[in-house]
**Student:** 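For reference, the structure I am asking about is given below.
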Amino acid sequence: EITTSPSTYQRATETASHIRSALPDVLQNPKVAIVCGSGLGGLAQTIDPTPKVELAYENIPNFPKSTVQGHEGKFVFGRLGPHQTPVALLVGRAHFYEGHTMDMVTFATRVCKLMGVEVIIVTNAAGGLNQNYAVGDIVCLNDHLNMAGLVGIHPLRGPNLDDFGVRFPPLSDAYDLDLRVRVHRAWKTLGLDKQKRRLHEGIYAFVAGPTYETRAECRMLRGFGADVVGMSTVPEIVVARHSGIRVLALSLVTNSAVLEAGPLGSDEALQSMTKAELDAHLGRGKANHEEVLEAGREAAKDMQALVKLIVSDLHEL
Ligand code: HPA
C-alpha cells in the first residue's frame, strides 16, 4: 500500500497535459483556481464566454467521479472580471465519504499546481457551531481542526511526494493573511456589510462524514474551538499548502449544528409535550441535505460576487 504505480505525480502530469491540450492559448495558465462547494457552482455562469472551456470530470483522465446528488462535476476554464483574469473553476469535488482515497480527493489540487495555479479559493457548505453564526452567514477560515487527519486519514500520509513539497510542511500559515484582508475589503466594497448576512472569521473542523454530527460531537468540536464543521476542504488545503499554493477558504453556513440536548427524563417541559411538539423539539438542529442545498441557493449570489471581486483584484499576480 506504500507505492502507487504510476505515481501520483506521473498521473497528475498526464492529466495536466491532457487538459492543456484542450485549452486555447489565453487559458493555458490559470493563476487562480476556485473550488465551488455544494450549490456554489453558479460562478461558472459568470465566467467570460470568450473563450470558455468546460471539461466534465468523467472525460478527464485519472479524475475521480463525483457521486453526490446536487454536486456537478466539471472543470471550467475561462476569464473572470474586468481584468480578464484566467481562472480554473472546479465545479463539484470528490469527497472522502464517497469512498475516494485521500489521494483522489486531492488529485485535482495537484493538477492545478502542475498547471501553474498560485492561489486556490476553496468554498464549501458547512454547519455552524458558533452560536453567533446564522444560517446564510459567510465564514472566512483562518484555521482548521483536521479531525480525520489527526487520527491518520491524511492526504500526505505515505512516502513524501518530493516533486510537490517537503516531508513536514508547516500549516501555521495555511490561511493566507493577505487574501483574508482582501475578503474583508471586498465585503465592504460590495456593500455587504450593510446587509443582514454577516462575514466572520473562524475555524473549520474537518470530519470524514457522511453522517452529520451527533449533538455530543457538536459540543466536542465546539469545545475544541471549531466554529464550523464540514466534510471537505481541509484535504485540499493541506495538499495546496504542501506544494506552496496560497489558500483562501470560505464557508457558507447552511445549517446550525445543534449542541444542546439534556437527558429526556430531567426535562419537566418534555413530560407534557404532545407528539408533534416533541418531534419539533427533537428535530431542531437536525441537519439535512435539502436544507443545506436551499441555504446555498440563497447565499450563493453574495458568495459569488465576493469571490469574483477578490479574483479581479488578483490580476497583478
Ligand atoms: N456537518 C457536516 N457537514 C456539513 C454540515 C454539517 O452540519 N452542513 C453542511 N455540511
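Each ligand, and each atom within it, is numbered from 1 in the order the structure gives. The structure displayed is predicted, hence computed values, not measured ones.
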**Student:** Using 4.0 Å as the upper bound for N to carboxylate O, is an ion pair formed by D313 and R185?
**Tutor:** no
**Student:** Which ligand 1 atoms, with their elements, are less than 4.0 angstrom from a heavy-atom of E213?
**Tutor:** 1 (N), 2 (C), 6 (C), 7 (O)
**Student:** Heavy-atom contacts with Y212 under 4.0 Å: which atoms of ligand 1 show up? List them by number with element.
**Tutor:** 1 (N), 2 (C), 4 (C), 5 (C), 6 (C), 7 (O), 8 (N)
**Student:** If only side-chain N and O atoms count, and only distance matters, is there a donor-acceptor pair under 3.5 Å linking S232 with N124?
**Tutor:** no
**Student:** Give the atom numbers and elements of ligand 1 that come within less than 4.0 Å of a heavy atom of N255.
**Tutor:** 5 (C), 6 (C), 7 (O), 8 (N), 9 (C)
**Student:** Would you check the N or O atoms of G127, main chain and side chain alike, for any that come under 3.5 Å of an N or O of ligand 1?
**Tutor:** yes
**Student:** Could you tell me if H200 and N130 have a donor-acceptor pair between their side chains, going purely by distance under 3.5 Å?
**Tutor:** no
**Student:** Go through ligand 1 atom by atom and flag the ones less than 4.0 Å from a non-hydrogen atom of T254.
**Tutor:** 8 (N), 9 (C)
**Student:** Which heavy atom of D173 sits nearest a heavy atom of R241, and at what distance?
**Tutor:** OD2-NH2, 3.5 Å
**Student:** Do R110 and T8 have side-chain N/O donor and acceptor atoms under 3.5 Å apart?
**Tutor:** no
